[in-house]
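Here's the structure, in structure tokens; my notes come after.
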2 protein chains.
Amino acid sequence: MPKKCNFIEKLREAGLRPTKQRLNMCEVLFNREKTFHFTINDLVKMISEKMNQKISLATVYNTVHAFEKKGYLKEISIDSHKSYFDTNTSVHHHFFDEETNELIDCDENDIDPVNIKKNITGKKINSVEVLIKVASDNQNQK
Amino acid sequence: MPKKCNFIEKLREAGLRPTKQRLNMCEVLFNREKTFHFTINDLVKMISEKMNQKISLATVYNTVHAFEKKGYLKEISIDSHKSYFDTNTSVHHHFFDEETNELIDCDENDIDPVNIKKNITGKKINSVEVLIKVASDNQNQK
DNA sequence: AACTACATTATAATAATTCTAAACTATTGA
DNA sequence: TCAATAGTTTAGAATTATTATAATGTAGTT
Ligand SMILES: [Mn+2]
Ligand SMILES: [Mn+2]
Ligand SMILES: [Zn+2]
Ligand SMILES: [Zn+2]
């Protein structure tokens, strides 16, 4: 595991102590090629599968929220019945497959910048994000 | 109350029986000039204030979801910790004030149509909605 | 090693939502 | 008109997601 040192530093930089549990969560969350989306339940399963250790649910919540506060994770709201998190913390757009409940990042180049002609007076814009809901195209089965 | 007949018809058209509770909810939700956003808690307060009757929380949930299913209400997901509903059921964009938690409809003309250059293959787009998060512009207090 | 601050844990508490099943009501049609 | 029926409301219980508690454990520091 050559990556572990990175995670220790990553945690230290955020003022978080590099505990065993947090390092395990870093492995699961950040030791991968691509960013991804997950729910707390997904994550609990992934941790208990990948690592052969029990982790308290409270620790998962605490750590996810600590990571979120430090900007290592981003919470995404698509379906108000489910809390999604994203290891891609940039402002970006999403496709959401309403049939499979799958959340997919929009490629930066696949959507033109959104042109807001009039903002609310006295307010500054913090983020602009587009959500594209899709479903399978069954027009052929008519 | 000349509107009540409309609500009876509105409910009948959706195959919903025009019960006292549902008519009261229609009054609160639809007997107004502009559409608006609310949470279940907001709605329960509004009903118990406007009408001088108790209504079961279960009925509020049931009725909101019945209205949602029939297309009279739309659920909006901004903050995964709170479920918002909208009496504006069209596909439309929102400003969300992160300080006040206020949800504001975007005027149709104040934002250019979103140009999606590449969609997911085999999928059709059901909706495209933009969420603009804003906060007060305090650059003057530097 | 010992001290301290912070983290983890099991469990309890809370909050939001849904379920249950009994009582009630709108609709239908005899 | 009125009883039969299907659908609705209700209080309260159950479920689920999340957060709080407080005792125990651990990382960082001296
Ligand atoms: Mn959160
Ligand atoms: Mn819903
Ligand atoms: Zn994403
Ligand atoms: Zn709206």
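Only heavy atoms go into these numbers, but all of them, side chains included; no hydrogens, no water, no symmetry mates. Note that the structure is a prediction, hence the values are computed from the model and not measured. Letters A, B, ... mirror the listed sequences (proteins, then strands); counts begin at 1.
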Axis deviation across the helix from C/dT4-D/dA27 to C/dA30-D/dT1, five-pair ends, to the nearest 10°: 30°

Any residue of residues 50-64 of chain A with a heavy atom less than 4.0 Å from an atom of DNA chain D: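 Those residues whose heavy atoms fall under 4.0 Å from DNA chain D, taken from residues 50-64 of chain A in numerical order, are A/Leu57, A/Ala58, A/Tyr61.
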
Which residues share a salt bridge (Lys or Arg N to Asp or Glu O under 4.0 Å) with A/Asp112, sequence neighbours left out: B/Lys117

Residues forming a salt bridge (Lys or Arg N to Asp or Glu O under 4.0 Å) with B/Lys133, sequence neighbours excluded: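 Not a single residue meets the salt bridge (Lys or Arg N to Asp or Glu O under 4.0 Å) criterion with B/Lys133.
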
Set of side chain to side chain contact (heavy atoms under 4.5 Å, CB included) partners for [X], sequence neighbours left out:
X       : value
B/Thr87 : B/Leu29, B/Phe30, B/Thr35, B/Phe36, B/Phe38, B/Leu73
A/Ser56 : A/Ala58, A/Thr59
A/Leu57 : A/Ile40, A/Val44, A/Tyr61
B/Thr19 : B/Arg17, B/Gln21, B/Arg22

Set of side-chain hydrogen bond (donor to acceptor under 3.5 Å, both in side chains) partners for B/Glu99, sequence neighbours left out: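 In terms of side-chain hydrogen bond (donor to acceptor under 3.5 Å, both in side chains), with neighbours along the sequence ignored, B/Glu99 is linked to B/Ser136.
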
Lys/Arg cation over aromatic A/Phe85: A/Lys74, 6.0 Å, 45° cone: no

Side-chain N or O of A/His65 closer than 4.0 Å to phosphate OP1/OP2 of D/dT18: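 Answer no for this pair, as no side-chain N or O of A/His65 is under 4.0 Å from OP1 or OP2.
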
Phosphate-side-chain proximity, A/Gln21 and D/dT26, N/O vs OP1/OP2 below 4.0 Å: no

Between [N] ([atom2]) and [X] ([atom1]): distance, integer Å:
X       : N      : atom1 : atom2 : answer
A/Lys82 : D/dT18 : NZ    : C1'   : 17 Å
A/Leu23 : D/dA27 : CG    : P     : 10 Å
A/Glu9  : D/dG28 : CD    : C1'   : 16 Å
A/Leu11 : C/dC6  : CG    : P     : 16 Å
A/Asp42 : D/dA17 : CG    : C1'   : 14 Å
B/Tyr84 : C/dA16 : OH    : P     : 13 Å
B/Lys69 : C/dT18 : NZ    : P     : 11 Å
A/Ile8  : D/dG28 : CD1   : C1'   : 13 Å

Within residues 118-128 of chain A or reaching into it, pairs that qualify as salt bridge (charged side-chain N to carboxylate O under 4.0 Å, His left out) - sequence neighbours excluded: A/Lys123-B/Asp97

Members besides B/Val91 in its Ile/Leu/Val/Met/Phe/Trp/Tyr cluster (side-chain heavy atoms under 4.5 Å):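 Listed partners: none, B/Val91 stands alone.
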
Measure all distances between protein nitrogen or oxygen atoms and nitrogen or oxygen atoms of nucleotides 26-30 of chain C, and list the pairs falling under 3.5 Å.
residue : atom : partner : partner atom : Å
C/dT27  : OP1  : B/Arg12 : NE           : 3.1
C/dT27  : OP1  : B/Arg12 : NH2          : 2.5
C/dT27  : OP2  : B/Arg12 : NH2          : 3.3

Between CG on residue B/Leu23 and CE on residue B/Met51, distance to nearest 0.5 Å: 9.5 Å

